[in-house]
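Take a look at the structure set out below.
By convention in this document, chain letters (A, B, ...) are assigned in the order of the sequence lines, proteins followed by strands, and residues within each chain are numbered from 1.
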Amino acid sequence: MQQYWLMKSEPDECSIDDALAAPDATVPWTGVRNYQARNFMRDVMRVGDGVLFYHSSCPQPGIAGVARVASGTRPDPTQFDPGSPYFDPKSSPEKPRWLLLDVQALQKTRLIGLPELRAAPELADLQILQRGNRLSITPVSEDHWRFITEQLMR
DNA sequence: GCCAACGTTGGC
DNA sequence: GCCAACGTTGGC
(Lines give C-alpha, C1' and ligand atoms only; values in the text may rest on other atoms or scores of the structure.)
Protein backbone atom coordinates (compact mmCIF):
# COMPACT_ATOMS: atom_id res chain seq x y z
CA MET A 1 0.00 0.00 0.00
CA GLN A 2 1.27 3.38 -0.96
CA GLN A 3 2.19 5.79 1.78
CA TYR A 4 3.03 9.45 1.95
CA TRP A 5 5.87 11.45 3.46
CA LEU A 6 7.16 14.92 4.02
CA MET A 7 10.89 15.29 3.53
CA LYS A 8 12.80 18.40 4.56
CA SER A 9 15.62 19.72 2.47
CA GLU A 10 17.58 22.89 2.85
CA PRO A 11 17.24 24.62 -0.51
CA ASP A 12 20.85 25.82 -0.19
CA GLU A 13 21.81 22.17 -0.37
CA CYS A 14 19.14 20.72 -2.60
CA SER A 15 16.09 22.69 -3.68
CA ILE A 16 13.20 21.34 -5.71
CA ASP A 17 14.81 23.09 -8.68
CA ASP A 18 18.09 21.31 -8.04
CA ALA A 19 16.29 17.98 -7.85
CA LEU A 20 14.38 18.63 -11.08
CA ALA A 21 17.64 19.58 -12.80
CA ALA A 22 19.37 16.35 -11.77
CA PRO A 23 19.55 13.40 -14.17
CA ASP A 24 16.16 11.69 -14.13
CA ALA A 25 15.14 14.41 -11.65
CA THR A 26 16.49 11.98 -9.07
CA VAL A 27 18.74 12.80 -6.13
CA PRO A 28 20.26 10.66 -3.38
CA TRP A 29 18.85 11.84 -0.07
CA THR A 30 22.12 12.28 1.77
CA GLY A 31 22.70 13.50 5.28
CA VAL A 32 19.98 11.82 7.34
CA ARG A 33 21.60 11.45 10.78
CA ASN A 34 18.63 10.63 12.91
CA TYR A 35 17.71 7.06 13.74
CA GLN A 36 13.98 7.53 13.49
CA ALA A 37 14.25 9.06 10.04
CA ARG A 38 16.70 6.36 8.98
CA ASN A 39 14.36 3.66 10.17
CA PHE A 40 11.48 5.17 8.22
CA MET A 41 13.61 4.95 5.08
CA ARG A 42 14.79 1.45 5.82
CA ASP A 43 11.67 -0.15 7.23
CA VAL A 44 8.64 1.69 5.97
CA MET A 45 9.27 3.75 2.86
CA ARG A 46 8.77 1.99 -0.44
CA VAL A 47 9.38 2.83 -4.08
CA GLY A 48 6.45 4.83 -5.36
CA ASP A 49 5.51 6.45 -2.05
CA GLY A 50 4.48 10.07 -2.38
CA VAL A 51 6.76 12.81 -1.04
CA LEU A 52 6.03 16.42 -0.16
CA PHE A 53 9.28 18.24 -0.87
CA TYR A 54 9.74 20.75 1.95
CA HIS A 55 12.20 23.63 2.05
CA SER A 56 13.56 24.22 5.55
CA SER A 57 16.05 26.58 7.19
CA CYS A 58 15.48 29.24 4.58
CA PRO A 59 13.69 32.59 4.23
CA GLN A 60 10.45 30.95 3.11
CA PRO A 61 10.02 27.53 4.66
CA GLY A 62 7.25 25.44 3.17
CA ILE A 63 6.20 22.81 0.69
CA ALA A 64 7.81 23.48 -2.66
CA GLY A 65 7.04 20.43 -4.75
CA VAL A 66 6.00 16.83 -5.10
CA ALA A 67 8.29 13.85 -5.45
CA ARG A 68 8.32 10.11 -5.12
CA VAL A 69 10.49 7.53 -3.43
CA ALA A 70 12.58 6.13 -6.26
CA SER A 71 14.72 3.43 -4.65
CA GLY A 72 15.32 1.34 -1.60
CA THR A 73 18.06 2.17 0.87
CA ARG A 74 21.81 1.86 0.55
CA PRO A 75 24.65 3.21 2.70
CA ASP A 76 25.05 6.99 2.57
CA PRO A 77 28.61 7.49 1.27
CA THR A 78 28.99 10.88 2.96
CA GLN A 79 29.28 9.14 6.34
CA PHE A 80 32.68 7.75 5.27
CA ASP A 81 34.06 11.01 3.90
CA PRO A 82 36.16 12.91 6.46
CA GLY A 83 35.72 16.03 4.35
CA SER A 84 31.95 15.89 4.47
CA PRO A 85 29.88 17.72 7.05
CA TYR A 86 27.97 14.44 7.34
CA PHE A 87 31.08 12.43 8.21
CA ASP A 88 30.53 9.98 11.05
CA PRO A 89 33.76 8.65 12.53
CA LYS A 90 31.87 5.89 14.30
CA SER A 91 30.63 4.45 11.05
CA SER A 92 32.54 2.23 8.67
CA PRO A 93 31.89 0.68 5.27
CA GLU A 94 31.82 -2.71 7.02
CA LYS A 95 29.22 -1.52 9.49
CA PRO A 96 27.47 1.46 7.93
CA ARG A 97 25.24 3.34 10.28
CA TRP A 98 23.44 5.72 7.91
CA LEU A 99 21.37 5.03 4.85
CA LEU A 100 19.89 7.00 2.00
CA LEU A 101 17.40 6.41 -0.74
CA ASP A 102 16.73 8.10 -4.05
CA VAL A 103 14.03 10.72 -4.39
CA GLN A 104 12.63 11.64 -7.77
CA ALA A 105 11.16 15.10 -8.14
CA LEU A 106 7.88 15.09 -10.04
CA GLN A 107 6.85 18.72 -10.06
CA LYS A 108 7.57 22.09 -8.58
CA THR A 109 4.53 23.72 -7.03
CA ARG A 110 3.83 27.16 -5.73
CA LEU A 111 5.34 27.53 -2.30
CA ILE A 112 2.89 26.63 0.44
CA GLY A 113 4.39 28.37 3.45
CA LEU A 114 3.99 27.53 7.10
CA PRO A 115 1.39 30.24 7.75
CA GLU A 116 -0.81 28.83 5.01
CA LEU A 117 -0.41 25.30 6.33
CA ARG A 118 -1.22 26.42 9.86
CA ALA A 119 -4.28 28.26 8.64
CA ALA A 120 -5.94 25.05 7.47
CA PRO A 121 -7.91 23.34 10.26
CA GLU A 122 -7.73 20.14 8.21
CA LEU A 123 -3.98 20.09 8.81
CA ALA A 124 -4.05 20.76 12.54
CA ASP A 125 -2.34 17.47 13.34
CA LEU A 126 0.11 17.43 10.46
CA GLN A 127 3.32 16.37 12.12
CA ILE A 128 5.45 19.15 10.70
CA LEU A 129 3.19 21.69 12.40
CA GLN A 130 3.48 20.20 15.86
CA ARG A 131 5.45 21.95 18.56
CA GLY A 132 9.09 21.02 18.70
CA ASN A 133 8.98 19.03 15.51
CA ARG A 134 12.48 18.43 14.21
CA LEU A 135 12.30 15.17 12.35
CA SER A 136 13.44 15.54 8.73
CA ILE A 137 11.23 12.76 7.43
CA THR A 138 7.66 12.47 8.68
CA PRO A 139 4.71 10.38 7.56
CA VAL A 140 1.74 12.19 6.02
CA SER A 141 -1.74 10.69 6.24
CA GLU A 142 -3.67 10.05 3.06
CA ASP A 143 -6.20 12.70 4.07
CA HIS A 144 -3.47 15.27 4.59
CA TRP A 145 -1.82 14.29 1.33
CA ARG A 146 -5.07 14.70 -0.55
CA PHE A 147 -5.90 18.00 1.09
CA ILE A 148 -2.49 19.45 0.35
CA THR A 149 -2.17 18.18 -3.20
CA GLU A 150 -5.79 18.79 -4.20
CA GLN A 151 -6.78 21.86 -2.22
CA LEU A 152 -3.59 23.76 -1.63
CA MET A 153 -1.56 23.16 -4.73
CA ARG A 154 -4.08 24.33 -7.24
C1' DG B 1 21.52 35.75 16.45
C1' DC B 2 18.13 33.89 19.66
C1' DC B 3 16.12 30.20 21.79
C1' DA B 4 12.74 26.31 22.52
C1' DA B 5 12.68 21.64 21.82
C1' DC B 6 14.65 17.51 21.41
C1' DG B 7 18.37 13.83 20.58
C1' DT B 8 22.81 12.05 21.97
C1' DT B 9 26.63 11.33 24.96
C1' DG B 10 28.98 9.68 28.76
C1' DG B 11 29.94 9.49 33.76
C1' DC B 12 28.18 7.23 37.52
C1' DG C 1 19.58 2.67 33.60
C1' DC C 2 19.61 7.52 35.07
C1' DC C 3 20.23 12.09 33.93
C1' DA C 4 23.00 16.41 33.37
C1' DA C 5 25.52 18.48 29.85
C1' DC C 6 25.98 19.34 25.37
C1' DG C 7 24.90 19.65 20.34
C1' DT C 8 21.57 20.29 16.66
C1' DT C 9 17.40 21.75 14.38
C1' DG C 10 14.80 25.21 12.49
C1' DG C 11 11.45 29.03 12.81
C1' DC C 12 11.54 33.64 13.87
(message) For a quick check under 3.5 Å, do A:Thr78 and A:Asp76 share a side-chain donor-acceptor pair by atom type?
(response) yes
(request) List in chain and number order the residues that pass side-chain hydrogen bond (donor to acceptor under 3.5 Å, both in side chains) with A:Gln130, two or more places apart in sequence or in another chain; answer none if no residue qualifies. (result) none
(request) State which residues pass ring-ring contact (aromatic ring centres under 6.0 Å, His included) with A:Tyr35; sequence neighbours excluded, sorted by chain then number. (result) A:Trp98
(message) Membership question, hydrophobic clusters at under 4.5 Å side-chain separation (ILVMFWY): are A:Val66 and A:Ile148 in the same one?
(response) yes
(message) Can you give me the first and the last nucleotide of DNA chain C (5' to 3') that has an atom within less than 4.0 angstrom of a non-hydrogen atom in chain A?
(response) C:dG7 to C:dC12
(message) Counting only heavy atoms and a strict 4.0 angstrom limit, can you tell me which residues of residues 51-66 of chain A come near DNA chain C?
(response) A:Tyr54, A:Ser56, A:Ser57, A:Pro61
(message) Taking salt bridge (charged side-chain N to carboxylate O under 4.0 Å, His left out) as the cut-off, I'd like each qualifying pair that reaches into residues 36-63 of chain A, sequence neighbours left out, listed once.
(response) none
(message) Which residues pass the side-chain hydrogen bond (donor to acceptor under 3.5 Å, both in side chains) test with A:Arg74, not counting sequence neighbours?
(response) A:Asp102
(request) Taking A:Thr73 for its side chain and A:Met41 for its backbone only, find out whether a donor-acceptor pair lies under 3.5 Å. (result) no
